[in-house]
Amino acid sequence: MKKTKLITFCALMSALGFVMLFLGALFNILDLTAVIFASIILMVARREIGYKSLFIYFVTVAITVLIPSTLVVGIEYAIIGLYPIIEPVFSRQKKFVKWVLKVIYFVLASLGIFLISRFLVADAPLYMDILLGVSCVLVFFLYDILLFRFSLYYGFKLRNKLRIDKFFNQN
C-alpha cells in the first residue's frame, strides 16, 4: 500500500472518530455511546491496516483531549478505545487466559470510567458509585459481544459493499 493511501485512510478515520466523540460531548448523555461508535471505527481501521491503527487512536485522543469541551469524552475514549486494537492479542490466547485478560481490562477500564465520573463530572452517593461500577462491567461485556459481532459482519458483508478492498489493493 502506498503511504499516501495509508495517510489518507488514517486521517479520514481520525476525523470520523473525532466527529463521533465531538457529538458525544455535545449531547452529554450520549458520551459513552459515541465512544463505543468511535472505537468501532477504530476496529475497522485495525482490520484494514493492522497495528498501524494505533496512530489513529493517538491522533484522535490527542485532538479530543486538547479541546476543552471534549476532555471527558477524550479521556473515556483513551480508556475504552484501546480495546479494539489489543483484543486480537487476547483472542490468540487459550480460552481461560483470554477471559482473565478481558476481565482484568474490563475492571480496570470500569475503574477508570468510575474515577472520571467521580472526580471530573459529578459527586454522587455511594450507592450510585457501586451501581455505576457494576453497570460499567456489564456494559463492557456487552461491548465485547458487539465488537465481535460487528467485526464478523464487517469482514463478511460490509467490507465488500463499501469496496474498501478495492481502495487498498489498487497500485
**Complete:** When every non-hydrogen atom of Gly81 is compared with those of Ser39, the smallest separation belongs to CA-CB, 4.0 Å
**4.5 Å side-chain heavy-atom contact, Leu6 and Ile49** = yes
**Item:** Residue from Arg149, Glu48, Arg47 passing side-chain hydrogen bond (donor to acceptor under 3.5 Å, both in side chains) with Tyr154
**Value:** Glu48
**Message:** Under 4.5 Å between side-chain heavy atoms, counting indirect links through other Ile/Leu/Val/Met/Phe/Trp/Tyr residues: same cluster for Ile86 and Leu42 or not?
**Reply:** yes
**Pairs where residues 12-29 contributes a residue and the test salt bridge (charged side-chain N to carboxylate O under 4.0 Å, His left out) is met, not counting sequence neighbours** = none
**Asked** What closest approach, in Å, do Arg46 and Pro84 show between heavy atoms, and which atom pair accounts for it?
**Response** NE-O, 2.6 Å
**Asked** Considering residues, nucleotides and ligands other than Phe90, do more than 12 of their heavy atoms fall under 6.0 Å from its CZ?
**Response** yes
**Prompt:** Where do Ala38 and Gly17 come nearest, in terms of heavy atoms and distance?
**Reply:** CB-O, 4.0 Å
**Asked** Under a 4.5 Å side-chain heavy-atom rule over Ile, Leu, Val, Met, Phe, Trp and Tyr, are Val73 and Leu82 clustered together?
**Response** yes
**Request:** Name the orientation class of the two ring planes belonging to Phe150 and Tyr153 (parallel below 30°, tilted from 30 to 60°, perpendicular beyond 60°).
**Result:** tilted
**Request:** Measure the CD-CG distance between Glu76 and Leu71 for me, rounded to the nearest 0.5 Å.
**Result:** 10.0 Å
**Asked** What are the two closest heavy atoms between Ala34 and Met20, and how far apart are they?
**Response** CB-O, 3.2 Å
**Asked** Going from CZ on Phe106 to CG on Leu111, what distance comes out if it is rounded to the nearest 0.5 angstrom?
**Response** 15.0 Å
**Message:** Just verifying a value: how many Å separate Leu147 CG and Tyr143 OH, rounded to the nearest 0.5 Å?
**Reply:** 5.0 Å
**Request:** Treating Ile, Leu, Val, Met, Phe, Trp and Tyr as nodes and any side-chain heavy-atom pair under 4.5 angstrom as an edge, say whether Leu54 and Leu12 lie in one connected cluster.
**Result:** no
**Asked** What is the minimum heavy-atom distance between Ile85 and Pro88, and which atoms define it?
**Response** O-CD, 3.3 Å
**Item:** Selection residues 86-101 - residue pairs positive for side chain to side chain donor-acceptor pair (under 3.5 Å), sequence neighbours left out
**Value:** Tyr51-Arg92, Glu87-Ser91
**Message:** Would you say that Thr60 contacts Leu21 through its side chain, given a criterion of any heavy-atom pair below 4.5 Å between the two side chains?
**Reply:** yes
**Asked** So with a 6.0 Å cut-off around CZ of Phe148, is the heavy-atom count from everything else above 12?
**Response** no
**Fill in**
Residues at least two apart in sequence or cross-chain that pass side-chain contact (heavy atoms from CB on, under 4.5 Å) with Ile67, listed by chain then number, are Phe18, Ile63, Ser69, Thr70
**Fill in**
The ring pair (Phe, Tyr, Trp, His ring centres under 6.0 Å) partners of Tyr105 (sequence neighbours excluded) come to Tyr83
**Complete:** Residues at least two apart in sequence or cross-chain that pass side-chain contact (heavy atoms from CB on, under 4.5 Å) with Val61, listed by chain then number, are Tyr57, Val65, Tyr77, Ala78
**Prompt:** Would a 4.5 Å heavy-atom cut-off, applied to side chains only, mark Thr64 and Phe22 as touching?
**Reply:** no
**Asked** Which residue pairs pass the salt bridge (charged side-chain N to carboxylate O under 4.0 Å, His left out) test with at least one member in residues 137-146, sequence neighbours excluded?
**Response** Lys102-Asp144
**Fill in**
Interatomic distance, CZ@Phe9 vs OG1@Thr4, rounded to 0.5 Å, equals 14.0 Å
**Message:** Counting C-beta onward and ignoring hydrogens, is there a side-chain heavy-atom pair between Lys52 and Cys10 closer than 4.5 Å?
**Reply:** no
**Asked** Any chain of hydrophobic side-chain contacts (each under 4.5 Å) joining Leu32 to Phe37?
**Response** yes
**Message:** Do Ile79 and Leu138 sit in one hydrophobic cluster, given that two such residues count as connected whenever their side-chain heavy atoms are within less than 4.5 Å of each other, even indirectly?
**Reply:** no
